[in-house]
Amino acid sequence: MTNRNTFCKAERLCSHKVIEALFAGGNKSFSAYPIRAIYMPIDLNEGSGKQGAAVQLLISVSKRHFKHAVDRNRVKRQIRESYRLNKHSLLSSLPEGKGLALSFIWLSDEHFPTDVIEEKVKKLLNKLEETINAEQS
RNA sequence: GCAGUAGGACGGCUUGUCGCUGGUUCACCUUCGGGUGGGCGAGAGGAAAGUCCGGGCAGCAAAGGGUACUCCGCUUCUUAAUGGGAAGGAGGCCGUGAGGCUUGGUUCAUGCAGAAGAAAAUAACCGCCUGUUGGCGUUAGCGUUUACGCUGUCGUUUUCAGGUAAGGGUGAGAAGGUAAGGCAAGAGCUUACCAGACGUGUGGUGACACGCGUGCUGUGCAUACCGGAGGCUGAAAGUUCAUGUAUACCGGCGAACAAACGAGAGGGCGACCCGCCCGAGCCGGAGGGUAGAACGAUGGAGACGUAUGGUGACAUACGUUCUGGAUAAAUGACAGGCAUCCGUUCUUCGGACGGAUACAGAACCCGGCUUAUAGGCUUACUGCUUUU
């Protein structure tokens with residue numbers, strides 16, 4: 001099976017409920033500057049009707065860090081591309097029927113080159129994978 | 001050629017790999033809602049920004065009158081409309097110039113304007129001038145015994161009466177300004193020029209301009225008055241479907257049950273007065289559910305071209321043409337090539353290397369305004385300079 005590097009609607013975190021639960025507190029987080037990751041396990045089977053993807057991602061860049069919409073969009077796009085190209089390892093390590101709500105939060109006031117951001121995203125995804133594997137065993 | 005003024009239009013192109021959001025078509029799957037995959041084609045701006053005006057649209061029953069309130073205020077035109085735009089007019093300021101900036105309804109009535117100033121409006125404190133009372137000096141004449149007295153001249157001082165707005169530390173503003181004549185001294189007292197007001201004639205749709213006449217002439221602010229505009233909210237408006245279901249229960253008020261007359265709780269038309277409207281439920285207690293989807297929502301005062309009218313903004317007619325539509329929010333990421341500009345260097349045709357390519361991202365839709373903006377393009381005009 002060849003992995004396709006997609007990032008469609010189902011892979012985005014859109015539900016108000018899940019987002020509120022994610023940011024309500026008590027969920028684990030770690031950071032690789034300038035990005036902080038927050039995640040929460042979700043059960044894919046309980047949702048009725050249509051199903052989302054196994055991992056749903058939210059990218060957040062605050063107005064506090066970048067005043068102009070152009071700068072915020074630039075950072076979001078960089079992070080999204082990094083995730084899109086490196087997500088498969090994480091997806092394959094997830095057990096059947098278990099999902100993940102994940103958010104990346106930008107922490108810096110400055111722009112970074114795309115290759116640096118990709119390194120950081122890779123680092124975060126690896127750590128996430130390790131954590132999940134440790135919880136399972 | 002250099003520097004500048006006022007507009008106008010543009011504001012990167014392209015290849016590859018991997019993606020995102022709509023549209024359309026084909027295949028497959030389907031719980032008939034749709035889903036997956038392939039093909040084709042589309043996918044940010046001149047400001048998308050600020051949210052400063054205006055309009056459409058939607059809801060408030062309809063969106064009525066007056067008052068109040070808020071905003072606007074040179075003229076004419078233009079636009080769906082505005083505080084926008086075009087053409088024009090007056091005053092002030094800046095620039096050698098092309099041009100730029102700025103101000104504007106009325107002043108009949110009422111009030112205020114200092115611990116400044118002589119005085120803040122039918123102005124005499126000082127000053128200036130005339131007359132007058134007394135003193136002193138001067139000198140001329142007369143009386144007379146050298147002294148002195150009387151009358152007068154001139155100067156100075158003083159008392160009183162009057163004239164006078166040329167000058168006086170102030171102030172935003174000082175009795176229109178400047179000059180000459182005039183006068184005892186002065187004054188629109190007279191004259192010339194200039195600024196304004198009023199009347200009048202001519203020109204202009206008009207703001208105004210020009211001519212003539214009348215010596216008619218203090219400033220600022222507030223109230224007031226005149227003309228015009230405005231009902232409120234704002235797409236998180238609002239409509240439908242799905243899920244869930246309960247106005248189930250308690251208290252108070254009331255209609256209907258009943259054809260007409262009548263009565264009507266409780267609300268609404270932003271404030272007040274009028275004039276009205278809705279109405280079978282409403283208010284309080286206690287308590288339950290959703291937070292998903294579709295519509296709204298993208299073809300419109302649309303864009304471009306031509307013709308006609310108009311100085312112009314713009315209008316009319318005809319023709320051509322137009323799939324961005326997201327919603328924790330698509331329109332991209334990376335790599336290369338080209339173009340333009342800048343720097344360094346070799347060289348002085350040109351090449352190499354390095355760097356830069358702005359401001360900035362639709363959120364219901366339009367029309368304006370304002371602000372940000374690398375870089376070059378273009379039209380008209382101005383100043384300086386060179387050549388002929």
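Chain letters run A, B, ... following the sequence lines, proteins first, then strands; residues in each count from 1.
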If we take the [atom1] atom in both [N] and [M], what is their distance in whole Å?
N	M	atom1	result
B/A47	B/C52	C1'	16 Å
B/G85	B/U373	C1'	25 Å
B/G350	B/C359	P	33 Å
B/G220	B/A207	C1'	26 Å

Any-strand Watson-Crick or G-U partner of [N], both distances under 3.5 Å:
N	value
B/U67	B/A271
B/C212	B/G199
B/G238	B/C295
B/C282	B/G252
B/G354	B/C342
B/A3	B/U382
B/G45	B/C359
B/C112	B/G220

Which residues pass the side-chain hydrogen bond (donor to acceptor under 3.5 Å, both in side chains) test with [X], sequence neighbours left out?
X	result
A/D109	A/H65
A/N73	none
A/T114	A/Q78

Please produce a list of atom pairs where a protein N or O lies less than 3.5 Å from an N or O of nucleotides 333-337 of chain B.
residue : atom : partner : partner atom : Å
B/A333  : OP1  : A/R74   : NH1          : 3.2
B/A333  : O3'  : A/T114  : OG1          : 3.4
B/C334  : OP1  : A/R74   : NH2          : 3.3
B/C334  : OP1  : A/T114  : OG1          : 2.4

(request) May I ask you to verify if any side-chain N or O of A/H68 is less than 4.0 angstrom from the OP1 or OP2 atom of B/A49? (result)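 No, outside the criterion.
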(message) Tell me every residue that passes side-chain contact (heavy atoms from CB on, under 4.5 Å) with A/H111, counting only those two or more places apart in sequence or in another chain.
(response)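 In terms of side-chain contact (heavy atoms from CB on, under 4.5 Å), with neighbours along the sequence ignored, A/H111 is linked to A/F66, A/D71, A/R74, A/V75.
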Return all side-chain donor-acceptor pairs below 3.5 angstrom for residues 116-127 of chain A, not counting sequence neighbours, or 'none' if the list is empty.
residue : atom : partner : partner atom : Å
A/E118  : OE2  : A/N86   : ND2          : 3.4
A/N126  : ND2  : A/K122  : O            : 3.3

(request) Treating Ile, Leu, Val, Met, Phe, Trp and Tyr as nodes and any side-chain heavy-atom pair under 4.5 angstrom as an edge, say whether A/L107 and A/L102 lie in one connected cluster. (result)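 Yes.
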(request) Using heavy atoms and a sub-4.0 Å distance, could you list which residues of residues 116-128 of chain A are near RNA chain B? By number, please. (result) none
(request) Send over the distance from A/R72 CZ to B/G332 P, rounded to a whole Å. (result)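 After rounding, the gap between these two atoms is 17 Å.
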(request) Grab the CG-C1' distance between A/L102 and B/A328 for me, whole Å please. (result) 14 Å
(message) Which is more 5' along RNA chain B, the nucleotide nearest A/K76 or the one nearest A/N73? Just name the residue.
(response) A/K76
